[in-house]
Asker: 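Quick one: this structure, given as structure tokens, is what I'll be asking you about.
Note that the structure is predicted; figures quoted are calculated from it, not measured. Quick note: numbers below take in every heavy atom, side chains included, and nothing from hydrogens, waters or symmetry partners. So you know, we letter chains A, B, ... as the sequences are listed, proteins then strands, and number each from 1.
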2 protein chains.
Amino acid sequence: MIILLVEDDTVLATHSIDFLAQEGIEVDYASTMRQAQAISEHQSYDAIVLDINLPDGDGLSLAKQWQHQRQEPILFLSARDALDDKLKAFSYGALDYLTKPFALPELAVRIKLLASKNNSKPNRQFSLDSLHVDLDAKIITRGERVIVLSPQQWQLLELLIKHYPNPVSKAAIINQIWPQQDSNNNMYKSLITRLRSNLTREDEPALLHTLKKQGITLRVQHD
Amino acid sequence: MIILLVEDDTVLATHSIDFLAQEGIEVDYASTMRQAQAISEHQSYDAIVLDINLPDGDGLSLAKQWQHQRQEPILFLSARDALDDKLKAFSYGALDYLTKPFALPELAVRIKLLASKNNSKPNRQFSLDSLHVDLDAKIITRGERVIVLSPQQWQLLELLIKHYPNPVSKAAIINQIWPQQDSNNNMYKSLITRLRSNLTREDEPALLHTLKKQGITLRVQHD
DNA sequence: GACACAGGTAACCGTAAGGTAACAGTATAG
DNA sequence: CTATACTGTTACCTTACGGTTACCTGTGTC
């Protein structure tokens, strides 16, 4: 998730950026209107956080200008609690308004709320050769064929995709799939065999390769 | 537009009701949790405004109870500015939180915002294979046949549609349908069986598939 | 060449997860 | 007040998941 923060108080800004980073929110930062316009021109965000008082103008006018150009949800920050400002902000398309001082967790929650409202994110997809995986819908196809995997095999495939194109070590796999249980080499071997056989039919190129002593990885074999 | 207001301060409540009326917002009013539950049981609203401090309990617990049963956006009112309360409120599905004292116009604006966001999807329809669902009219058809579901089954179907094409985990389903009650695996199994049998006749392709250990999902089976 | 070692395959099978049908208590409608 | 529907409960069935074992294969080392 990425947002645009426009705020001239650099202390507040850096604190906010740090905190939001911990919450998994990436921040593009501008301290003036002009800078904000420049940065944001070719970028789209999950939400925009706008201070009202800016050195080169008024966040409200920025919102007014953007309200029909940009589709991002806007949250206003302001030290002023004046009703007038709030109403004006909402009339320019703001979806939320937070009065300083505020607690950073509240800001984070409200940002997440706005972002989730307006964006239903597309599912994560992974493709390799004729293999196609929808990581959210959990649908796997190879060419026309639909592949159904057992829970363990799905877990393993997810792991491999997450690390693609790097190999995943045997130890890492065992840790992930059999946490805190005794697990032996045989269980691991069986799992690999089963996933491999489900992923490829006789006439198809192999996808699951083991690099001796290093682990296994997804790859198409070029000869 | 009609909202539900739950607030034990009768002075504030009457002022609010008057003001909102001028803004074209009709209000159902309750002063206690119990009353709120009674009034709202068979009514749906564009938004719900909940005071946190109520004579017979805590607005938060009402929200917690409702968060998976009702789909209305909730706005909290509270005299307490404590961050803890706010975060709890948001975690129970609140979409906004207003600290007393507040200006009535701001309340009105925020209510309208919530209501409009929620209603931005009028006439929600869902189709999959020969299944057709009108989510507002709550009419389900498969081919020529009209399907009637029990309340629980409808809830489950709605859930599945909301997440489509992604699966919904057993835990999520149990949380939504039997919030805070003991619920066991058997109730879950029965519900699935009943919905499945209602959705498909013998000659029709299955729509409700379970992915072991991962949940269940709506899907047409491609061969 | 023999041996060790890592990895691969196929078959076996106990079991847990899921599916179904029937029953009963309670709520609901008419 | 009766009939019907809804949902929780139980008992039993089915399946395929995954652990286990036995036996391969290839490669490197002495």
Side-chain angles (χ1 to χ4, degrees), chain A residues 138 140 146-160 167-174 176-202 206-219 221, chain B residues 37-38 41-42 68-69 138 140 146-160 167-174 176-202 206-219 221:
Chain A
K138 314 207 180 202
I140 311 167
V146 176
I147 296 176
V148 179
L149 296 182
S150 74
Q152 272 190 347
Q153 292 169 44
W154 171 262
Q155 244 186 303
L156 173 56
L157 180 61
E158 251 187 335
L159 238 194
L160 292 169
V168 183
S169 74
K170 186 203 286 196
I173 291 173
I174 288 179
Q176 183 80 19
I177 300 196
W178 297 276
Q180 88 224 9
Q181 296 177 25
D182 16 333
S183 51
N184 58 48
N185 203 21
N186 291 327
M187 289 155 64
Y188 170 81
K189 289 196 295 179
S190 285
L191 176 57
I192 302 291
T193 298
R194 284 163 177 157
L195 177 59
R196 180 176 286 138
S197 100
N198 278 326
L199 289 186
T200 91
R201 289 261 179 284
E202 301 80 22
L207 292 179
L208 204 49
H209 303 275
T210 104
L211 313 176
K212 272 203 175 174
K213 294 277 181 181
Q214 294 188 54
I216 75 174
T217 187
L218 290 169
R219 175 188 305 169
Q221 200 69 295
Chain B
Q37 286 173 304
E41 191 148 9
H42 297 295
H68 297 304
Q69 296 171 0
K138 306 205 175 192
I140 311 167
V146 176
I147 295 176
V148 180
L149 296 181
S150 74
Q152 273 189 347
Q153 292 169 42
W154 171 257
Q155 248 186 300
L156 174 56
L157 181 60
E158 253 189 332
L159 235 195
L160 291 168
V168 183
S169 75
K170 185 201 293 196
I173 291 173
I174 289 179
Q176 300 259 118
I177 300 196
W178 298 277
Q180 89 219 5
Q181 300 174 23
D182 5 334
S183 51
N184 58 48
N185 205 19
N186 292 328
M187 290 155 64
Y188 169 82
K189 290 196 294 180
S190 286
L191 177 57
I192 301 292
T193 299
R194 285 162 179 157
L195 177 59
R196 178 176 287 137
S197 98
N198 279 327
L199 288 186
T200 91
R201 289 260 180 284
E202 300 80 22
L207 292 180
L208 203 49
H209 302 274
T210 106
L211 312 178
K212 266 202 180 175
K213 291 253 132 191
Q214 305 193 94
I216 77 175
T217 187
L218 290 170
R219 185 180 299 177
Q221 201 69 298

Asker: Between the base of C:dT20 and the side chain of B:S190, is there a donor-acceptor distance below 3.5 Å?
Answerer: no
Asker: Are B:L208 and B:L218 side-chain neighbours, meaning at least one heavy-atom pair lies under 4.5 Å?
Answerer: yes
Asker: OP1, OP2 of D:dG8 versus side-chain N and O of B:W178: anything below 4.0 Å?
Answerer: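 Yes, because at least one side-chain N or O of B:W178 sits under 4.0 Å from OP1 or OP2 of D:dG8.
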Asker: Reading DNA chain D from 5' onward, which residue's closest nucleotide shows up sooner: B:S150 or A:S150?
Answerer: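 Counting from the 5' end, the first nearest nucleotide belongs to B:S150.
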Asker: Are A:I173 and A:Q176 close enough that some pair of their side-chain heavy atoms sits under 4.5 Å apart?
Answerer: no
Asker: Describe the nucleic acid contact of A:W154 in one word from base, sugar-phosphate, nothing, applying a heavy-atom distance below 4.0 Å.
Answerer: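 Here A:W154 touches no strand at all.
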Asker: Heavy atoms under 4.0 Å, any strand shown: does A:Q153 hit a base, just sugar-phosphate, or nothing?
Answerer: nothing
Asker: Would you indicate, yes or no, if C:dG8 has its OP1 or OP2 atom less than 4.0 angstrom from a side-chain nitrogen or oxygen of A:R196?
Answerer: yes
Asker: Using a 4.0 Å heavy-atom cut-off across all strands, classify B:N184 as base, sugar-phosphate, or nothing.
Answerer: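 If one applies the 4.0 Å heavy-atom cut-off, B:N184 turns out to touch the sugar-phosphate alone, with no base involved.
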Asker: With hydrogens left out and only the distance checked, is there a donor-acceptor pair under 3.5 Å joining B:K212's side chain and the base of C:dG18?
Answerer: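 Donor-acceptor pair under 3.5 Å: no.
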Asker: Within the 4.0 Å heavy-atom criterion, would you say A:T210 contacts the bases, only the backbone, or no part of the nucleic acid?
Answerer: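 Since only primed, P, OP1 and OP2 atoms lie under 4.0 Å of A:T210, the category is sugar-phosphate.
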Asker: Under 4.0 Å between a side-chain N/O of B:K213 and OP1 or OP2 of C:dA17, yes or no?
Answerer: yes
Asker: Is there a side-chain contact between A:I140 and A:N198 (heavy atoms, below 4.5 Å)?
Answerer: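 A:I140 does not reach A:N198 side chain to side chain.
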Asker: Hey, which sits more toward the 5' end of DNA chain C by its nearest nucleotide, A:R194 or A:G215?
Answerer: A:G215
